[in-house]
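Please read these numbers as outputs of a predicted model, since none were measured by experiment. Position 1 is the first residue of the sequence; numbering continues from there.
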Amino acid sequence: MLKIFVYNTPGTGWDVPCVSPYVSKTVYYLKMAGIPFETERQDLMKLAEDAPYAKLPYIVDTDGTKVADSTEIIKYLKGAYGDSLDADADARELADMHAWNRMLDEHLYWAAVIEPRWDDDANFDIYRPFLVGMDEVPDEVNAILDQFRTAIQDEHVGQGLGRMAADAVYERARQDIEAISNFLGDRPFFMGDKPRSIDANMTSLLKHIMYVPFKFPTKDLALGTKNLVDYTHRVDSQFGLNELSKKAA
């Protein structure tokens, strides 16, 4: 059976299958597309050796094919297993989904996941045990996490948003959340009446903003936006995504 490698099991306070939005996105796509899979916890000490890009997600298909990066994985899965979600989408819809995916992956992720989790000291202290799957994190592991945090923060600076004050970053995130809510409106799925692959990414990132144990303005805004809350619950219910979270807890 196809395997997807995950960081760890989030545990109490999380409503997602993994601490990584990109892993959760891929797991949700597999579930929504009806592709059988199993999860396997990645040994973080061997991440650079095992993972093609030294990060998760990556999958190993039944024939041994290894594919990394959530966008490339979904592209591979469409080719290998059929495109059950997007096959009848027209060129305009595909273009819209492409643009929204880029916004989620290259902007909102940095503003509403990296900023609160990695740059905020109080939130990072909450994050530490979840990253390594330990209730009590030993000093030597904390030292490794501090190095990892510095590397992520350097990436954040390189991306651009990490150069800004937190308030400015959260203002950018607010604009994204409002745009998502306005585009969604009262439609059942993000692109309309039918579920599409974009719903895996959108649901993952929204849940990684709303249903995680951190304090930050974007979380409050999203939780107070009714159509976004209803949307995540609707996608959860239709595709059994909450069951994935329960298994991971």
Side-chain angles (χ1 to χ4, degrees), residues 1-11 14-89 94 97-98 100-102 104-106 109 113-114 130-134 141 144-145 147-148 151-152 155 194-205 207-208 235-236 238-249:
M1 184 179 294
L2 182 149
K3 291 184 179 181
I4 178 169
F5 288 77
V6 304
Y7 279 104
N8 54 31
T9 52
W14 295 70
D15 188 24
V16 289
C18 180
V19 296
S20 163
Y22 297 130
V23 174
S24 297
K25 162 190 170 181
T26 309
V27 169
Y28 288 166
Y29 178 84
L30 287 162
K31 182 70 173 178
M32 292 173 67
I35 300 170
F37 69 96
E38 59 186 13
T39 60
E40 185 165 324
R41 182 170 175 175
Q42 172 65 40
D43 180 350
L44 295 183
M45 295 299 102
K46 296 178 62 182
L47 182 61
E49 175 184 347
D50 294 344
Y53 301 130
K55 62 174 72 173
L56 299 182
Y58 70 91
I59 63 167
V60 177
D61 207 345
T62 53
D63 64 356
T65 299
K66 182 182 286 189
V67 186
D69 183 87
S70 61
T71 299
E72 291 302 312
I73 292 170
I74 291 173
K75 179 181 177 182
Y76 166 82
L77 293 171
K78 287 181 175 183
Y81 292 87
D83 191 359
S84 61
L85 295 174
D86 298 337
D88 62 343
L94 292 171
M97 288 192 287
H98 176 85
W100 282 108
N101 273 314
R102 287 293 187 265
L104 296 175
D105 292 345
E106 306 300 340
Y109 166 77
V113 174
I114 296 299
F130 294 112
L131 280 168
V132 293
M134 301 177 179
V141 176
I144 295 171
L145 288 177
Q147 294 175 358
F148 192 30
I152 297 294
E155 290 181 5
K194 294 182 177 181
R196 299 294 194 197
S197 61
I198 183 70
D199 292 298
N201 197 9
M202 188 66 68
T203 302
S204 171
L205 196 49
K207 291 180 70 173
H208 273 271
V235 178
D236 277 348
Q238 175 146 342
F239 292 100
L241 302 187
N242 277 336
E243 293 304 313
L244 297 170
S245 304
K246 291 174 183 176
K247 290 177 182 177

Study note, to complete from the structure: When rounded to the nearest 0.5 Å, the distance separating CE of M97 from CG of L94 is 4.5 Å

Check your understanding: Quick one: side-chain hydrogen bond (donor to acceptor under 3.5 Å, both in side chains) partners of S84, sequence neighbours excluded?
Key -> none

Check your understanding: Is the Y109 to Y22 ring centre distance short of 6.0 Å?
Key -> yes

**Study point:** Donor-acceptor pair, side chain of S204 and main chain of A200, under 3.5 angstrom
**Key:** no

Point to revise | Atom of L2, atom of P36 and distance for their closest heavy-atom approach | key: CB-O, 3.8 Å

Check your understanding: In Å, rounded to the nearest 0.5 Å, how long is the span from CD of Q42 to CD1 of I4?
Key -> 11.5 Å

Check your understanding: Hey, does the side chain of S24 reach the backbone of C18 with a donor-acceptor pair shorter than 3.5 angstrom?
Key -> yes

Check your understanding: Of the non-hydrogen atoms in L56 and V6, which two are nearest, and what is the gap between them?
Key -> CD1-C, 3.4 Å

Practice item. Output, in order, the C-alpha distance, side-chain angles, deciding distance and verdict of side-chain contact (heavy atoms from CB on, under 4.5 Å) for I35 and L77. Key: CA-CA 9 Å; I35 300 170; L77 293 171; 4.1 Å; yes

Exercise for review: Check for a donor-acceptor pair, side chain of D199 on one end and backbone N or O of P195 on the other, with a separation under 3.5 Å.
Suggested key: no

Practice item. Could I get the full list of ring pair (Phe, Tyr, Trp, His ring centres under 6.0 Å) partners for Y29, not counting sequence neighbours? Key: none

Exercise for review: Quick one: closest heavy-atom pair of A54 and L47, and the distance?
Suggested key: O-CD2, 3.4 Å

Review point. For K3, what residues pass the side-chain hydrogen bond (donor to acceptor under 3.5 Å, both in side chains) criterion, not counting sequence neighbours?
Key: E40

Review point. Rounded to the nearest 0.5 Å, what separation is found between the CD1 atom of I198 and the CG atom of N101?
Key: 3.5 Å

Review point. Between CH2 of W100 and CG of L104, what distance do you get to the nearest 0.5 Å?
Key: 8.0 Å

Point to revise | Non-hydrogen atoms of K31 and F37 that approach each other most closely | key: N-CE2, 4.1 Å

Check your understanding: How many angstroms lie between OG in S20 and NZ in K55, if you round to the nearest 0.5 Å?
Key -> 9.5 Å

Practice item. Please answer whether the main-chain N or O of A89 pairs with a side-chain N or O of D86 as donor and acceptor at a distance below 3.5 Å. Key: no

Review point. What pair of heavy atoms forms the shortest contact from I73 to Y58, and how long is it?
Key: CD1-CA, 3.9 Å

Review point. Can D105 and K25 be counted as an ion pair, charged N to O under 4.0 angstrom?
Key: yes

Exercise for review: May I have the step-by-step check of side chain to side chain donor-acceptor pair (under 3.5 Å) for K207 and Y28, ending in yes or no?
Suggested key: CA-CA 12 Å; K207 291 180 70 173; Y28 288 166; 3.2 Å; yes

**Study point:** Close side-chain approach of F5 and I59, heavy atoms under 4.5 Å
**Key:** no

Point to revise | N-O pairing of D61 and K66 below 4.0 Å | key: no

Check your understanding: When you look at V16 and V27, which way does the side-chain contact (heavy atoms from CB on, under 4.5 Å) test go after all the steps?
Key -> CA-CA 10 Å; V16 289; V27 169; over 6 Å; no

Exercise for review: Give the minimum heavy-atom separation between L205 and P21, together with the two atoms involved.
Suggested key: CD1-CB, 4.1 Å

Check your understanding: Going from OG1 on T26 to CD1 on I74, what distance comes out if it is rounded to the nearest 0.5 angstrom?
Key -> 5.5 Å

Exercise for review: May I ask you to say whether R196 pairs ionically with D88, meaning some side-chain N is under 4.0 Å from a carboxylate O?
Suggested key: yes

